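Okay, so here's the structure we're looking at.
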Amino acid sequence: MRWSKTFIPTLKEVPADAEILSHQLLLRAGLVRKLTGGLYTFLPMGLRALTKVANIIREEMDRAGAIETSMPLLQPVDIWQASGRYEAMRDALYKVKDRAQKEWALCPTAEEVITTLVANELSSYKQFPKNFYQVGTKFRDEIRPRFGLMRAKEFLMKDAYSFDTTDEGAMASYRKMYDAYSRIFARCGLRAFAVEADTGIIGGNYSHEFMIPAETGENDVVYCEACNYAANIEKATSGLPQTAARELGAAPEKFATPGVVTIEALSKEPYKVPANRQIKTLIYIADSQPVIVLVRGDDQLNEAKFMAKTGAIESRPVTPEEIVALLGAKPGSLGAVVNVPATVKVLADERLRGANDMTTGANEDGFHFRCVSMERDIKVTAWFDLRTVKVGEPCAKCGKPLKIRRAIEVGHVFKLGTKYSVPLNATFLDEAGQRSPLVMGCYGIGVTRTLQAVIEQCFDKDGIVWPVSVAPYQVCITPLIVAPESEAMKLAEKLYTELTAAGLEVILDDRDERPGVKFKDSELVGFPIRVGLGEKSLAKGEVEIKPRNSAIQSVKIEDAAATVIAWVKAEQAKLG
RNA sequence: CGGGACGUGGCUCAGCCUGGUAGAGCGCUUGGUUUGGGACCAAGAUGUCGCAGGUUCAAAUCCUGUCGUCCCGACCA
């Protein structure tokens, strides 16, 4: 490809509405342009890089035994209603109406479609296991698109769905995808790691997310360097001891706390009740039902855990007005000792189990109880792990201090079980003629997001530094004189032909620009290796070879092609 | 949806407080000089100052509303 014939609108200045570095580089290197919030046009360089990522994924999916398909983007809503996700997806599901006012959904993911296919077409145990995948556009009505391609309304995703006849089979399918994912991200030049994850509305009971460490990520990951434990903070647990038991008074004792409405205020003079001896009482509305949640005063409720444990599809904190109506007191004086309506569930964090001599609100403005025992004085409906892990807490597996870092989620694997196969009737007949639901798994990779994650991880002060596996072109030939009969241009053409014939992807910068402009542009766009052809080096019978990630070297003209080919092959080998 | 910021040529921004002829740099066009790290000189083109109302002799500037963008939170590949 000739630079002058393609379209690479590089930007010298940083666009005002791009905050994070990878988003700025995406725009500055001329990979994409925004149409409007969350919607981007892929320009030639961006599309080539995106296609590279998609093809790496395809190769690894095929290698893992998955088979490629393509499912409709426009889906009938009745299958969404059948799976129960029409409700669960809520506003994230884009809906459109046709001329008959019938409602359709724009594909955010395709469990319903593939399960319907399998239900209709496959019925014998002999036909399984099967794993169907596709690489296609997905739509989500994001509350807030941001960070360029990271969270967009429309994005490219690889989604795969496995069907097995047994739980062990499903586990094996899961493992295959897990391993394929590790290879995919490594081949993209990414340092990815897997963490235990919450399943959210996709469902199932076992799940890992693949994360790219990055300060601009939207996830907090808890990890242990000693034993490799790693989990999304929405799921992570630690090995903290339960609250120590103490001598306990005969009964809860009410005392006046005028104006005290925070844990912190109660921990100070004159009360001096440390936060770890207080019970924090939170009220949520989960699927329109009020629920009381108790965590220790120095702990933070983890809403993802709350959602997962209660199975709620929607929850929110109550309003102050609702609290007064429910418990008779304003926030700051709430507790679960007295005046709790019998219909309201009380969920307590495991860390409070056995705790006594605790202090909590009295459901009366300006009063608290002390000498409260969780077991004796509070009717707990259910105990769960509901707290958020904090940095430095001991690892539950090995006791070493846990760390927390930000990360970008690029992939997610789920063991779904029969969540979709049962309602959508995807069953098989076993050897005995018995009908059972298929055991499913689903596996997603955000392709566009992965592309941006590569940029987020591979850059320097001059621009993108593509791994050869993802680069739009592997080689950039830069003649400094472009007159057709010049020695530089003739040699450039010759090299172009040789390298292309050797199977490399090459761009020839034939623009009549000053050297500085061409060098800066090639570095900004980030081609892995550049061949510079100018009068100075040609006079010595040499060309200049500049890998993007290392120093410039002079090479004899006759060795140029071989050197470049060897370099690219070596880089490819490094990525596996 | 809640909290914050911002909308002025293709891009980055100044001007607004204190109303009075719409600016700079980059980019673009033409000519010339340059030619190994984002050149220089000259001449040009490009704006309903987001939109709609209002105040005023006069609004980019003040007021009201509205739309859009970005940042923080809930959502997720």
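Please read all numbers here as calculations on a predicted model, not as lab measurements. Proteins get letters first, then strands, A, B, ... in listed order; numbering begins at 1 in each.
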Rounding to the closest angstrom, what is the interatomic distance between B:U35 and B:A22 at atom P? 42 Å
Hey, does A:Glu535 reach any base, or is it just sugar-phosphate, or nothing, if we go heavy atoms under 4.0 Å? base
At less than 4.0 Å, is any side-chain N or O atom of A:Arg144 found next to OP1 or OP2 of B:C71? Yes or no. yes
When rounded to the nearest 0.5 Å, the distance separating CG of A:Asn549 from SG of A:Cys458 is 10.0 Å
May I ask you to establish whether A:Arg449 and A:Phe155 are in a cation-pi arrangement, using a distance under 6.0 Å from NZ or CZ to the six-membered ring centre and at most 45° from the ring axis? no
Measure up the A:Tyr178 and A:His208 rings against each other and bin them: parallel (under 30°), tilted (30 to 60°), perpendicular (over 60°). perpendicular
Going by atom types alone, do A:Glu303 and A:Tyr284 pair a side-chain donor with an acceptor below 3.5 Å? yes
Separation of the C1' atoms in B:G10 and B:C57, to the nearest angstrom: 37 Å
Under a 3.5 Å cut-off for both contacts, is B:G44 paired Watson-Crick or G-U wobble with anything, and if yes, with which nucleotide? B:C28
Please classify the nucleic acid contact of A:Lys34 as base, sugar-phosphate, or nothing, using heavy-atom distances under 4.0 Å. sugar-phosphate
Does a side-chain N or O of A:Arg146 approach OP1 or OP2 of B:C72 to a distance below 4.0 Å, or not? yes
Does the side-chain ring of A:Phe519 lie flat on the base of B:G38, meaning centres under 5.5 Å and planes less than 30 degrees apart? no
What distance, rounded to whole Å, do you find between the two C1' atoms, one in B:G23 and one in B:A14? 7 Å
Under 4.0 angstrom, heavy atoms only, what part of the nucleic acid is A:Glu142 near: base, sugar-phosphate, or nothing? base
Looking for any heavy atom pair under 4.0 Å, which part of the strands does A:Gly411 touch: base, sugar-phosphate only, or nothing? sugar-phosphate
P spacing across the pair B:U46 / B:G3, given as an integer number of angstrom: 43 Å
Specify the residue among A:Gly37 and A:Ala152 whose closest nucleotide of RNA chain B lies further upstream toward the 5′ end. A:Gly37
For A:Asn219, which contact category applies under a 4.0 Å heavy-atom criterion: base, sugar-phosphate, or nothing? base
Taking atom P in both B:A42 and B:A24, compute the distance separating them and give it to the nearest angstrom. 14 Å
So what does A:Ile143 touch, heavy atoms closer than 4.0 Å: a base, only the sugar-phosphate, or nothing? base
C1'-based separation of B:G27 from B:C11 [nearest Å]: 7 Å
Out of B:C72, B:A77, B:G27, which has the shortest distance to the side chain of A:Arg151? B:A77
Heavy atoms only, 4.0 Å cut-off, all strands: where does A:Val410 land among base, sugar-phosphate and nothing? sugar-phosphate
Nearest-Å distance once atom C1' is located in both B:C63 and B:G9: 28 Å
Using a heavy-atom cut-off of 4.0 Å across all strands, would you classify A:Asp521 as base, sugar-phosphate, or nothing? base
With heavy atoms under 4.0 Å as the rule, sort A:Glu523 into base, sugar-phosphate or nothing. base
Taking any heavy-atom pair under 4.0 Å as a contact, classify A:Val14: base, sugar-phosphate, or nothing. sugar-phosphate
A:Thr36 vs B:G68: side-chain N/O to OP1/OP2 distance below 4.0 Å: no
Could you tell me whether A:Arg187 and A:Glu59 make a salt bridge, using a distance below 4.0 angstrom between a side-chain N and a carboxylate O? yes
As a test of reading the structure: which of B:U69, B:C71, B:A77 is closest to the side chain of A:Phe147, going by heavy atoms? B:C71
Between atom CD in A:Gln24 and atom C1' in B:C11, what is the gap in whole Å? 14 Å
Is A:Tyr181 touching bases, backbone alone, or none of the nucleic acid, heavy atoms closer than 4.0 Å? nothing
Which part of the nucleic acid, if any, lies within reach of A:Arg530 when heavy atoms closer than 4.0 Å are counted: base, sugar-phosphate only, or nothing? base
Side-chain donor-acceptor pair under 3.5 Å between A:Glu234 and A:Asn302, yes or no? no
Taking A:Asp17 first and then A:Lys34, would you say they form a salt bridge - that is, a charged N and a carboxylate O separated by under 4.0 Å? yes
Atom C1', compared across B:A39 and B:C26: separation rounded to whole Å: 14 Å
Can you tell me the pairing partner of B:A74 across any strand shown, Watson-Crick or G-U wobble, with both distances under 3.5 angstrom? none
